[in-house]
Amino acid sequence: MPVRLMEFVFTFGSDAEGWAAGFADLPVDYDQAIYELGSEHRALPDGLEGSGIYIQGHNRSDDLFMYLKTQIEGLEPSAIYTVSASIDLATNVPLAMVGIGGSPGESVFVKAGASTVEPAGATGSNNHWRMNIDKGNQSRGGSAMKVIGDVANPDVVGDEYRIKTLASRPDFLSVETDSEGRAWLIVGTDSGFEGLTRLYYDQISFTLTLSD
């Protein structure tokens, strides 16, 4: 029987569960001292239980993309699957904040997607790292990634972190598996806010359904 539907749920209880972090839309020769890029598996902040993948970056390029990726397998080879996604983020950004270049909440767009090829940065225009997949740009999605929300959380008070759940609409994009039934999943933030963004990915879920 063909593999018609598979759900992949990552809760990061003890480790990163195969997810790796990356950064793009910044100079190839960027200065780490001012970009402050970093990621690791760690406990969630005070007031929240469990652990997740922490990621941070200072958007000095007015267009910083911070992402996580992993490869999945067990699907039908060379087949088209529709994709839906859900993400639980720990964020400390309330609504309607004002920031340089844009809001630290509503101008940090959360995207999710899938790709046949491994998502990665490659040297592109203006000697910047650019993604090798079509993720779109900031508020616009692309063929491989779509916007599912932003990092502003109405439940945040002060500097506390609170969980925000974002979900795509059903079957919001499609992906073709490779000859061995594998594909890549990717989530990330595409930022117009020219400041420091610090987030925790608490849970990531994807559902892939074989197209008729």
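Values below: all heavy atoms of this structure, side chains included; hydrogens, waters and symmetry mates excluded. Start at 1 with the first residue, then count along the sequence.
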When you compare the side chain of [Y] with that of [X], does any pair of heavy atoms fall below 4.5 Å?
{"X": "T165", "Y": "S86", "value": "yes"}
{"X": "V108", "Y": "V93", "value": "no"}
{"X": "I186", "Y": "M131", "value": "yes"}
{"X": "V175", "Y": "L208", "value": "yes"}
{"X": "I163", "Y": "L89", "value": "no"}
{"X": "V3", "Y": "Y81", "value": "yes"}
{"X": "L68", "Y": "F10", "value": "no"}
{"X": "N59", "Y": "L26", "value": "no"}

Please, which pairs that meet side-chain hydrogen bond (donor to acceptor under 3.5 Å, both in side chains) have at least one residue in [range], sequence neighbours excluded?
{"range": "residues 30-41", "answer": "E36-H58, E40-R42, H41-S51"}
{"range": "residues 113-124", "answer": "K69-E118"}
{"range": "residues 14-25", "answer": "D25-R130, D25-K135"}

Tell me whether [Y] is reachable from [X] by hopping between hydrophobic residues (I, L, V, M, F, W, Y) whose side-chain heavy atoms are closer than 4.5 Å.
{"X": "F23", "Y": "V187", "answer": "yes"}
{"X": "V110", "Y": "Y54", "answer": "no"}
{"X": "L44", "Y": "L199", "answer": "no"}
{"X": "I204", "Y": "M6", "answer": "yes"}
{"X": "M66", "Y": "W129", "answer": "yes"}

Response to the item:
Those residues at least two apart in sequence (or on a different chain) that pass ring-ring contact (aromatic ring centres under 6.0 Å, His included) with Y67 are F65
Please give the remaining members of the hydrophobic cluster of [X], linking ILVMFWY side chains under 4.5 Å, ordered by chain and number.
{"X": "I80", "result": "none"}
{"X": "L196", "result": "none"}
{"X": "V9", "result": "none"}

[X]: side-chain contact (heavy atoms from CB on, under 4.5 Å) partners, not counting sequence neighbours:
{"X": "R140", "result": "N137"}
{"X": "S139", "result": "F109"}
{"X": "P2", "result": "R4, E76, L210"}
{"X": "S143", "result": "D134"}

Discussion item. If we count only N and O atoms by modelled type, under 3.5 Å, do the side chains of Q203 and Y201 hold a donor and an acceptor together?
Written reply: no
Item to complete: Using distance alone, with no hydrogens and no angle criterion, decide if E160 and N92 have a side-chain donor and acceptor under 3.5 Å apart.
Response: no
Worksheet item: Between atom CG of L75 and atom CG of D178, what is the distance when rounded to the nearest 0.5 Å?
Response: 9.5 Å
Item to complete: Kindly compute the distance separating CD (E49) from CG (D202), expressed to the nearest 0.5 Å.
Response: 10.5 Å
Which atom pair, heavy atoms only, marks the closest approach of [X] to [Y]?
{"X": "K111", "Y": "I87", "value": "O-CD1, 4.3 Å"}
{"X": "G188", "Y": "M145", "value": "N-CE, 4.0 Å"}
{"X": "P27", "Y": "S61", "value": "CD-CB, 4.4 Å"}
{"X": "R162", "Y": "D155", "value": "CG-O, 3.9 Å"}
{"X": "D150", "Y": "K164", "value": "O-NZ, 2.9 Å"}
{"X": "A21", "Y": "I55", "value": "CB-CD1, 4.1 Å"}

Where the side chain of [X] meets the backbone of [Y], is there a donor-acceptor pair that is under 3.5 Å apart?
{"X": "T70", "Y": "G18", "answer": "yes"}
{"X": "R60", "Y": "I34", "answer": "yes"}
{"X": "T91", "Y": "V151", "answer": "yes"}
{"X": "S168", "Y": "I148", "answer": "no"}
{"X": "S191", "Y": "F193", "answer": "yes"}

Worksheet item: Can you list every ring pair (Phe, Tyr, Trp, His ring centres under 6.0 Å) pair that touches residues 160-181, not counting sequence neighbours?
Response: Y161-Y200
Practice prompt. Might you confirm whether atom CD of E73 has over 12 heavy atoms from other residues, nucleotides or ligands at distances under 6.0 Å?
Written response: no
